[in-house]
Every structure is written in C-alpha cells, then in structure tokens.
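First the proteins, then the strands, lettered A, B, ... as listed; each starts at 1. Both backbone and side-chain heavy atoms feed into the values below; hydrogens, waters and symmetry mates do not. Computed from a predicted structure; not experimentally measured.
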Amino acid sequence: RKEVEQDPGPFNVPEGATVAFNCTYSNSASQSFFWYRQDCRKEPKLLMSVYSSGNEDGRFTAQLNRASQYISLLIRDSKLSDSATYLCVVNGGAGKSTFGDGTTLTVKP
Amino acid sequence: GAVVSQHPSRVICKSGTSVKIECRSLDFQATTMFWYRQFPKQSLMLMATSNEGSKATYEQGVEKDKFLINHASLTLSTLTVTSAHPEDSSFYICSAATRAGGGNNEQFFGPGTRLTVL
C-alpha cells in the first residue's frame, strides 16, 4: 500500500462545477499536510496547508480528518485556470514529505 | 514567499557524461534541502535529503555513488548525476523546507531541471 494515495482521476468538469479530491495516508504519526498544484512540466506550487479545523481560501476548502487519515480538497466554481494536477503531500517530520501520485483536473468551457 | 532557483533548467548530454545541477535558496537560509525526481505522468519521488555540512541521506533504491549531493553552504546544494545514462533522463527538482509556526513545514520548490541523456 502506498503511503499517500489519491483519487486517480482524471476529473473533467465544466466551468462553474464543484469538484472534490480525496487523499488518504498510512502513517498515523504524520505531522503536517498540504495540497500542491503542479502545471504541466513545471514545479509544484503550494496551494494550501491543511489543518484539522479545516481551512478555506477563496474557492478552495481543505479538510483533514486525522481519525480516518484522509485529506480533502474542494474547489467551488471551477475556472479554466484551475486545470492542473493536484498533489496531496504528507509530512512525516524533519521536513521529509511524501507526495501522492496526483489527481489531474481539466476544467472545460 | 521564499525563492529557490535551479540551474540549469534544461540539459542534454551524451551517455557516460556527468551533469551537475545547482539548487539555491535566494532569500533565506536552508539547512535542509531535498532532491526529487519525477518521471512523466508520475509523482515526485524523493531521492535524498541534504543537510548543510553533513552527508546526504538517500532513499532506498537511490545509488549514492551515482547521485552525488553536496550541501556546502546554507544557500546551495548540488546534485551530480555521474556517468549518466538514458534511463536517468528525468525532471529533477530540489526544494528547501522552512519551518512556520506550529511546526508546519512548507517546502519551496526550484523550477526543476529537465535532463535528457542521449
């Protein structure tokens, strides 16, 4: 079993749709959690950190459930520019991070 | 946010040659840097963790004699792919971690180096 598993996707949605990604992790001692966005042939960029209390940044909402060991990302009112690969990242300590395989989102007009 | 640069951005070399990739933190000091490799349509795979002034810690399956890492200063880490072969062709990305309040460790990534070995 992989340390971090994501919905395989791809997700193809129309503009304005709401889409949700899930991610599960196996190490219960994991300390911090992030969602990164990666555009084709570019480096990953931090989208948002994920906290147990849940956090929202504009159209993006991230949730962490430690008991069930999963993380979610909700995107509302999808834009064409949201098309990218979304990476779930789990940090086990000492800065060492494990990346999920990513979920590809394509938002269509 | 913090800025990490990588050089070169793209390199094409012949099989058997060695290639050095530099990773620099431009506006902060990074005691720890990470080197990742990403093959097409796959996720980032951690190769090694580089600590300033000490030997790098390599992940299982990564040959430390083939991928030489040097972290000589708080702002520079280098990865040298020795005797590169076509199967080493990949996207190599470095990152530096900062520690924010509460223990969260955000990583800042360099733009990556695309290595093609002919």
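- Inspection of the A/E43 and B/Q6 side chains reveals no N or O donor paired with an N or O acceptor under 3.5 Å.
- Summarising the local packing, NZ of B/K66 is surrounded by more than 12 heavy atoms from other residues, nucleotides or ligands at distances under 6.0 Å.
- A distance of 11.0 Å separates OG1 of A/T98 from CG of B/L44, quoted to the nearest 0.5 Å.
- By the 6.0 Å contact criterion, OH on B/Y58 is enclosed, its count of non-hydrogen atoms from other residues, nucleotides or ligands being greater than 12.
- Atom NE2 of B/H85 sits in a crowded spot, with more than 12 heavy atoms from other residues, nucleotides or ligands closer than 6.0 Å.
- The contact between A/Q38 and chain B is made entirely by side chain atoms (from C-beta outward), counting heavy-atom distances below 4.5 Å.
- The hydrophobic cluster containing B/F109 does not contain B/M33, counting ILVMFWY residues as joined when their side-chain heavy atoms lie under 4.5 angstrom apart, directly or transitively.
- In this structure, B/M45 places its CE atom where only 12 or fewer heavy-atom neighbours from other residues, nucleotides or ligands lie under 6.0 Å away.
- Shown here is A/E3, whose CD atom has no more than 12 heavy atoms of other residues, nucleotides or ligands within 6.0 Å.
- Interface remark: of the candidates B/Q38, B/R114, B/Q42, B/R114 forms the most heavy-atom pairs closer than 4.5 Å to chain A.
- Remark: aromatic rings of B/F34 and A/F99 are distant, center separation not under 6.0 Å.
- Without hydrogens or angle criteria, B/S43 side chain to A/G102 main chain gives no donor-acceptor distance under 3.5 Å.
- Cluster annotation: A/F33 is connected to A/L47 through the hydrophobic network of ILVMFWY side chains, with a link wherever side-chain heavy atoms come within less than 4.5 Å.
- Using a 4.5 Å heavy-atom threshold, the side chains of B/I93 and A/P44 count as touching.
- Only the side chain of B/F91 comes within less than 4.5 Å of a heavy atom of chain A; its backbone N, CA, C and O stay farther away.
- Atoms CZ and CG, from B/F108 and A/L46 in turn, are 7.5 Å apart once rounded to the nearest 0.5 Å.
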